[in-house]
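I have placed the structure first, in the form of structure tokens, so that the comments after it can refer back to it.
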Amino acid sequence: MKKILFSVALLSAGMILSSCEDRLDVEQKATSSTGNFYKTDADAKSAVTAMYATYSNEIGGNEGIWNAYIMGLNYSADDVFAAGGDRNDHADFRVLNEMRYDPSSAPIKQLYNHIYKSIYSANLVITYFGETADTQVKKQAVAEARVMRAWAHMLAAQVYYQPPLIDHLITTEKPTNAESQKAIFDWCVKECEEAMSDLAERKGPNDKEGAWYATKGFAQFVGGKAALFAGDNAKAASMLKPLVESPNYALVPGERFRDLFHVEGDGCEEKIFEFNYITNTAASGGNAPWSPSNNRGRWMVANVLNWRGDDIVGGGKNPQICSTGGWGGGSINQDFAHKMLDNDGDSYRRKATFLTSDEFFYDEKLCGWRSDATCKTRAEKEFDPERGIRKEAGSFSRSDVMEVKMMMHPNDAGLAVGDNCNQTNLCLARLAEAYLLYAEACLTTNPAEAKKYINKIQVRAGSKTISENVDLQVLQDEKEYELWFEGCRWFDIVRWGIAKQCYDKVLDNIPLQWDEYWTSGGTKPHKLYYKVHHPFAEAGIHLEFVAGKHEYWPIPQSTIEVNDQMHQVRGWAN
């Protein structure tokens, strides 16, 4: 699985573009027709490899400086600030964070296209091998494609309302809006259940490659999560129970929690499914930033999510934790951070999510500054002019804490292509989320089972809070602590019916950050502090979460314009 066959990937891409009919009259060289290709076990392996390459490029690739999946899912949450340099920075995707998007916004279109191109690649495998799968290799290829297709549809229904359900190759017909969200989720559950018998199991917790393709465990995850979103808690629990009890997976120890989000944790025992990234400078484009390898490596997304280098004394690589100069996006909401600090204390999980002011300035292991080589004592560091935040106007959307969870660390860099190409695998499913999904499914009917798995998460985290009693609020809080910036929060607060009250607390309540050392003219020790401002109101711009509208993104305007069978729904219909 580590060696993507780019010739096959390009063949798949060519099929995706097959609507360009004038090009089909040209004889293709070094390719196979669909009539000749989808025949053997080797063909099945190549076809499913091309499918994974498509998913990796479409879901994991970048749109220049941003990724539609990462920014879309996380910037739409209430515990993340778009941040950046100011309220105009990164305007094309920061609109997600401020409810200022519309059907023509680039991320709305891009993620939609990425999802359905991925579904197309799965439908190729299913269509051409589905009825003729006479070997286990072919049956497994079809089963893996069905699970990947189910995952993509589940994502589509979490992001958009009544998006089309495409269960076959589209020829001449036009897709239509799905009957309902529940219909899509129920279909995803059925697909995973029917695929299960032909899927391979992961070969134990040390089987790294078992996290890089759709196994039975991933089918259980997707089916269980889809069932929970369909409102069928009993089905969710029944599908997730074998997964959370499987000996093929395990939570990493607390001291390795930070590794889950960096190259050290790729393929580890907690990962259920992730896109496996490798640096391949021989791919088209070589080591240029637009090459397929780099796009999958989220080139320049690292700059967006690293701390704002312009605001830091000595630049973005002065703190030793930083791989590259950053642009300060994706910062953590201070109210959530302080709530987590009160709950977790000095837990492994909290320190891997954000640093306190003290840790940022003075902890050489958690952050580290270049001047630590000469500043040996705390007193020397407190008045060191070679560290700190020096932006006089205040660092935008930042408070008295500094997030670190999704920052690109030096080991994550694919140095063959640059220090801003993150080669950490993109994880779609890990065991901790499965535990919390299962706990929620059990919460009302089997609270002892729910408590068992919530406590497992808390103990592994090293949290100072181990719940004696659990309820929905405990579950909601624990999920936010565990899965911050992992693409879950937006969907969860919508599903729990609390989205508007969550967003109303944060929209246009923007912190500006200063360092006391620099604002005092060097008379006070380094210490972060902040004040909340309202920059949009000050500019005459009203930000609002509209109930019945902003829970989901609209169908892209470009899709509506070319397909008269698709229409906007809910608040977007007006």
Looking only at side-chain N and O atoms, does [Y] offer a donor or acceptor that is under 3.5 Å from a partner on [X]?
| X | Y | value |
| --- | --- | --- |
| N422 | W299 | no |
| T135 | D41 | yes |
| E63 | H114 | yes |
| D492 | Q476 | no |
| Y52 | E144 | yes |
| W496 | E440 | yes |
| E551 | Y161 | no |
| T324 | N420 | no |

Are side-chain heavy atoms of [X] and [Y] found at a separation under 4.5 Å?
| X | Y | answer |
| --- | --- | --- |
| R495 | W490 | no |
| N113 | I115 | no |
| M196 | Q220 | yes |
| L260 | C427 | no |
| R146 | V125 | no |
| P164 | N177 | no |
| L228 | K235 | no |
| R298 | Y277 | yes |

Is a side-chain donor or acceptor of [X] paired with a backbone partner of [Y] at a separation under 3.5 angstrom?
| X | Y | answer |
| --- | --- | --- |
| W66 | F93 | no |
| Q162 | A178 | yes |
| D259 | G265 | no |
| N67 | I70 | yes |
| K208 | D266 | yes |
| N74 | E486 | yes |
| N563 | K174 | no |
| Y160 | Y112 | yes |
| N123 | I166 | yes |
| S323 | A413 | no |

Return the [atom1] to [atom2] distance between [X] and [Y], rounded to the nearest 0.5 Å.
| X | Y | atom1 | atom2 | value |
| --- | --- | --- | --- | --- |
| M99 | H550 | CE | NE2 | 6.5 Å |
| Y503 | D78 | OH | CG | 6.0 Å |
| I59 | T54 | CD1 | OG1 | 10.5 Å |
| L111 | L73 | CG | CG | 7.0 Å |
| E201 | S246 | CD | OG | 6.0 Å |

Please test K39 against D43 for salt bridge (charged side-chain N to carboxylate O under 4.0 Å, His left out), starting from the C-alpha separation and ending with a verdict. CA-CA 6 Å; K39 299 291 186 182; D43 294 341; over 6 Å; no
So H567 and W572, ring-ring contact (aromatic ring centres under 6.0 Å, His included) or not? Walk me through it. CA-CA 9 Å; H567 59 273; W572 295 105; over 10 Å; no
Could you pull out the closest heavy-atom pair between [X] and [Y], with the gap in Å?
| X | Y | result |
| --- | --- | --- |
| I272 | A434 | CD1-CB, 4.2 Å |
| A211 | G267 | CB-CA, 4.2 Å |
| G204 | N248 | N-OD1, 3.1 Å |
| A226 | C188 | CB-CB, 3.8 Å |
| I126 | A145 | CG1-CB, 3.6 Å |
| S118 | Y55 | O-CE1, 3.1 Å |

Taking the inter-plane angle between the rings of W151 and F275 on a 0 to 90° scale, is it parallel (under 30°), tilted (30 to 60°) or perpendicular (over 60°)? perpendicular
Quick one: do [X] and [Y] make a salt bridge, cutoff under 4.0 Å?
| X | Y | result |
| --- | --- | --- |
| E433 | K225 | yes |
| K138 | D134 | yes |
| E269 | R202 | no |

Might you work through the side-chain contact (heavy atoms from CB on, under 4.5 Å) test for F491 and Y552, ending with a clear yes or no? CA-CA 9 Å; F491 306 146; Y552 299 90; over 6 Å; no
Worked verdict on E274 versus N425 for side chain to side chain donor-acceptor pair (under 3.5 Å): CA-CA 6 Å; E274 62 186 14; N425 286 352; 2.8 Å; yes
Between L199 and T215, is a side-chain contact (heavy atoms from CB on, under 4.5 Å) present by the stated rule, with each step listed? CA-CA 6 Å; L199 292 170; T215 58; 5.8 Å; no
For E561 and T559, run side chain to side chain donor-acceptor pair (under 3.5 Å): C-alpha distance rounded to whole Å, both residues' side-chain angles, the deciding distance at 0.1 Å, then the answer. CA-CA 5 Å; E561 289 174 353; T559 298; over 6 Å; no
Mind running side-chain contact (heavy atoms from CB on, under 4.5 Å) on V137 and T40 for me, showing each step along the way? CA-CA 9 Å; V137 170; T40 67; over 6 Å; no
Other residues, nucleotides and ligands only: do more than 12 of their heavy atoms fall within 6.0 Å of [atom1] on [X]?
| X | atom1 | answer |
| --- | --- | --- |
| E131 | CD | no |
| Q565 | CD | yes |
| K549 | NZ | yes |

Taking the six-membered ring of F545 (Phe, Tyr or Trp), confirm whether the NZ or CZ of K500 is under 6.0 Å from its centre and within 45° of its axis.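 Not satisfied by the 6.0 Å and 45° rule.
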Could you walk me through whether T424 and F261 satisfy the side-chain contact (heavy atoms from CB on, under 4.5 Å) test, starting with their C-alpha distance in whole Å, then the side-chain angles of each, then the deciding distance to 0.1 Å, before giving a yes or no? CA-CA 7 Å; T424 306; F261 316 104; 5.9 Å; no
Counterpart residues, side chain to side chain contact (heavy atoms under 4.5 Å, CB included), relative to V95 (two or more places apart):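 For V95, the residues satisfying side chain to side chain contact (heavy atoms under 4.5 Å, CB included) (neighbours in sequence not counted) are R100, Y101, S105.
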I'd like to know whether N411 forms a side chain to side chain donor-acceptor pair (under 3.5 Å) with E264, so could you lay out the CA-CA distance, the side-chain angles of the two residues, the decisive distance to 0.1 Å, and finally the verdict. CA-CA 8 Å; N411 287 349; E264 293 88 348; 2.9 Å; yes
Write out all pairs satisfying ring-ring contact (aromatic ring centres under 6.0 Å, His included) with one or both partners inside residues 183-202, taking only residues at least two apart or from two chains. H153-W187, F185-F229
